[in-house]
Amino acid sequence: MKVRINQLLANKPVGETVTINGWVRTRRDTGAFSFVEVNDGSCLANLQIIADAALANYEHEIRLLATGSSIQVTGLLRESPGKGQDVELQASSLALLGPADPESYPLQKKRHSLEFLRELTHLRPRTNALGAVARVRSRLSFAVHRFFQERGFVQIHTPIITTSDCEGAGEMFQVITGRETSVGDHFFGRPAGLTVSGQLQAEAFALALGNVYTFGPTFRAENSNTSRHLAEFWMIEPEMAFCDLAGNRQLAEEMLRYLVNEALTSCSDDLLLFDQFIEKGLLKRLQGVVAQEFVQISYSEAVERLQKSGRQFTYPVSWGLDLQSEHERYLCEEVFACPLTVTDYPASLKPFYMRLNDDGKTVAAMDLLVPGIGEIVGGSQREERYDLLAGRMSAAGIDLDDYSWYLDLRRYGSAPHSGFGLGFERLVQFVTGMGNIREVIAFPRAPGYAPC
RNA sequence: UCCUCGGUAGCUCAGUCGGUAGAGCAGGUGGCUGUUAACCACCCUGUCGGCGGUUCGAGUCCGUCCCGGGGAGCCA
C-alpha cells in the first residue's frame, strides 16, 4: 500500500507492509546496514529507513545513496529501538528512482542561508524551512476561503487585466500585445494594465450581493526593494455593503485571529521549526494574537501619543503629516506590543474613495499594523455620497468620465459600504516569522528579479 | 530610488601593518559504530564579485559597476 509519511507517522501501523516515495535527506552506514532518512514533503518529519546489507542493490546503490536522490521503499513498519523516532521502516526493497550527483547537487545535509537558497528557487522547496512555508501558506490560503464562506461571503474573480487604476495603490504594469503600432492602437480600445487592486470592481459586486471577497494576484510596478514588497503578490479584499468602519475593523481583526489560529492548530510541527530556527518566541507571539484583543486608536490619538512619548524620532510628528515607519513601529512594537489598528487619517493623506468623516478633515480609513512587519491590512469605509465622491475625484485630478461606472454605484441605490486589503504574503510572513517576503512566495518577483 | 553594511573553496566564515590564502562543514578514499547535524583518519577544493587605478608588490588602499543583507520611501 502506497502511503505518505505524514499518514504513516500519524497512524503508526506497526506490523504493516507499506510503500513510500520520497527524497533522501541523509544516509548513515553501519557495518551491517544503512539508515536512510527520507522526506516526501507531506510533513516536516523524515522517515528512517533501515536498509539491510542483504538487499540485492545494497553495495552498488544503497550504500552510495546521496542527499537529494528520489527513492521508493517497500517494507515493514516497526517500532524503532533507537531514540529520535517512534517507528522506522525495515526495507524489503529500496529502488533508486532519480539519483542526485553529490558533487553537483547544491543542497547539503546542513543548514543553508535563506539568501543562498533564494538563488535555488526551484530546489529550495526541498528544504525543511521552505517546505514548511509552502505547507503553511497552503493551509492559510484554504482557511481564507473557509473564513469567508462560513460567513456567507461570495468570492468574486475580479479582472487581472484592468483599465481602472486604483489611486494610492501604486504604479501599474502596462499590458500591450506587441502588435500595437501607434499610440491609441490598444487591444482593449484603451490603455490597460495589470490590476493593482480588485477593490473598485469588488465594490460593484458588494453593492449587489452584500458581502463579497477577492483573493487573487496583484501587481505593482513600484521600484520597491524591501523585505516586505513584491511586484507580484496575492491580496485578499473583502467588501461589505451596509457596513461601517467599525464593522470593517472587526472583520479584519477576526480574520487575522482566525487565520493565526488555523496555523497554530493545523501546522504545529512546521511552526515549531520556525519557532526554533527562524524567530525565537514565534509561538508565544502567535498565541498572544489569538488570545488578546487588538488595540485601536485614531490617527489623532496616535499623533498625540507620539508627541508626548518624549522619544526622539528622525521624522517630525505633527497632525497632518503621515506616520513614518519608525512611528508605527514604536507604537505597535513598544507601546502596545500587539496588533494595532489606526483609524481616521487626515483626508489629504488618503485616496479619493475613502469616506469623509463628519469633522470634514479626516476619512474613515484604517491600517492594521503588526509587530515586525508593519501594515498588513489597509482599508476604509468607502465614500457612498455621490457629490462628495465626485468632488474628491475632481480634486484628485481624475477624469470623471473614466470612472462613470464607479460613480453609477453611488447614483443608483448607493449604500454605506466598507472593505480592506490584506497582503497574503505579509500574513504568511507574520505567521512563519520569515523576515523577508521573498521566502514566503514560491517564485518571487521584484525589481530586477524574476529568475524562473 | 536613497542611506548603510557586505561579496574570500560547493556552503558558513577567518584573513593582523599592503608581502601572493586558511578553518569548519560538504565532497572523495579507508575505518568504526542501532545511527540520527553520527564518529575517526587521510585526500581534494580558489578568476579573493567584475573592470580600471595606486604600488616593487593588492584579498587588503582608491575609483567604478554588478549582486546580496539591513534601514528608508512607496504600499499590502
Side-chain angles (χ1 to χ4, degrees), chain A residues 25-38 45-52 64 66-68 78-85 88 90 100-120 127-128 166-171 196-199 215 217-237 252 277 313-315 322-329 349-351 367-370 373-379 420-430 435-438 440-441 446-449 451:
Chain A
R25 282 297 175 81
T26 177
R27 190 199 78 245
R28 295 177 293 272
D29 303 317
T30 76
F33 59 96
S34 293
F35 297 96
V36 183
E37 279 198 46
V38 183
N46 301 327
L47 181 66
Q48 177 164 281
I49 309 295
I50 309 298
D52 201 88
L64 303 175
T67 301
R78 61 179 209 194
E79 286 180 12
S80 174
K83 285 175 190 163
Q85 62 281 318
E88 60 191 21
Q90 176 72 47
D101 180 5
E103 295 277 9
S104 58
Y105 185 61
L107 294 179
Q108 301 170 3
K109 54 180 181 185
K110 58 168 249 179
R111 289 182 66 187
H112 289 289
S113 70
L114 295 168
E115 292 79 21
F116 170 68
L117 292 174
R118 214 179 289 148
E119 294 166 17
L120 305 167
T127 64
N128 285 340
C166 188
E167 190 218 337
E171 249 175 84
V196 293
S197 168
Q199 180 202 317
F215 185 2
T218 309
F219 309 88
R220 304 269 169 96
E222 293 290 337
N223 191 8
S224 320
N225 216 297
T226 82
S227 57
R228 55 188 188 284
H229 288 266
L230 290 167
E232 176 183 292
F233 64 100
W234 289 67
M235 187 156 65
I236 297 148
E237 295 181 286
F277 296 111
F313 294 108
T314 309
Y315 292 91
D322 215 347
L323 298 180
Q324 302 293 315
S325 267
E326 57 170 349
H327 308 139
E328 295 180 344
R329 293 183 80 129
L349 299 178
K350 293 293 185 182
D367 283 358
L368 174 50
L369 313 172
V370 295
I373 292 167
E375 186 177 347
I376 198 168
V377 167
F420 62 81
L422 183 149
F424 186 58
E425 282 74 19
R426 289 188 183 174
L427 171 76
V428 182
Q429 274 191 279
F430 183 63
N436 195 308
I437 201 166
R438 298 184 192 194
V440 299
I441 188 166
Y449 188 82

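Each chain gets a letter, A, B and so on, in the order its sequence line appears, and its residues count up from 1. What you see below is based on every heavy atom in this structure, not just the backbone, and it leaves out hydrogens, waters and symmetry mates. Because the structure is predicted, anything quoted here is derived from the model rather than measured.
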Under 4.0 Å, heavy atoms only, any strand: does [X] hit a base, just the sugar-phosphate, or nothing?
X: Gln48(A); value: base
X: Pro106(A); value: nothing
X: Gln108(A); value: base
X: Thr314(A); value: nothing
X: Phe33(A); value: base

Legend entry - Contact state string [nucleotides 41-51 of chain B, B base, S sugar-phosphate only, - no protein heavy atom under 4.0 Å]: -----------
Legend entry - Partner set under side-chain hydrogen bond (donor to acceptor under 3.5 Å, both in side chains) for Glu115(A), not counting sequence neighbours: none
Inset, instruction - For residues His327(A) and Phe313(A), establish whether the separation of their ring centroids is below 6.0 Å. - result: yes
Inset, instruction - Verify whether the ring centers belonging to Phe424(A) and Phe215(A) lie closer than 6.0 Å. - result: yes
Please determine if a side-chain N or O atom of [X] lies less than 4.0 Å away from the OP1 or OP2 oxygen of [N].
X: Asn223(A); N: rC74(B); result: no
X: Lys109(A); N: rA38(B); result: yes
X: Ser113(A); N: rU12(B); result: yes

Indicate, yes or no, whether a donor-acceptor pair under 3.5 Å links the base of [N] to the side chain of [X].
X: Ser224(A); N: rC75(B); value: no
X: Glu222(A); N: rU1(B); value: no
X: Arg220(A); N: rA76(B); value: yes

Inset, instruction - With a 3.5 angstrom cut-off on both distances, give the Watson-Crick or G-U wobble partner of rG6(B), or none if there isn't one. - result: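 Partner of rG6(B): rC67(B).
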Inset, instruction - Could you check which nucleotide pairs with rU54(B) in any of the strands shown, counting Watson-Crick or G-U wobble with both distances under 3.5 Å? - result: none
[N] and [M]: how far apart are their [atom1] atoms, nearest whole angstrom?
N: rC48(B); M: rA23(B); atom1: C1'; value: 16 Å
N: rU35(B); M: rG24(B); atom1: P; value: 25 Å
N: rA58(B); M: rG49(B); atom1: C1'; value: 16 Å
N: rG10(B); M: rA26(B); atom1: P; value: 16 Å

Legend entry - Stepwise salt bridge (charged side-chain N to carboxylate O under 4.0 Å, His left out) test for Glu37(A) and Arg28(A): CA-CA 9 Å; Glu37(A) 279 198 46; Arg28(A) 295 177 293 272; 3.1 Å; yes
Legend entry - Check ion pair Lys350(A)-Asp367(A) (N to O, under 4.0 angstrom):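 Yes, Lys350(A) and Asp367(A) are salt-bridged.
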Legend entry - Listed nucleotide nearest any side-chain atom of Glu103(A), set rG69(B), rG27(B), rA72(B): rG27(B)
Legend entry - Nearest-angstrom distance from the residue atom CG of Leu107(A) to C1' of rC25(B):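 Computing the Leu107(A):CG to rC25(B):C1' distance gives 15 Å.
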Inset, instruction - Check each of Arg220(A), Glu171(A), Met235(A) against Val196(A) using the side-chain contact (heavy atoms from CB on, under 4.5 Å) test, and report the only one that passes. - result: Arg220(A)
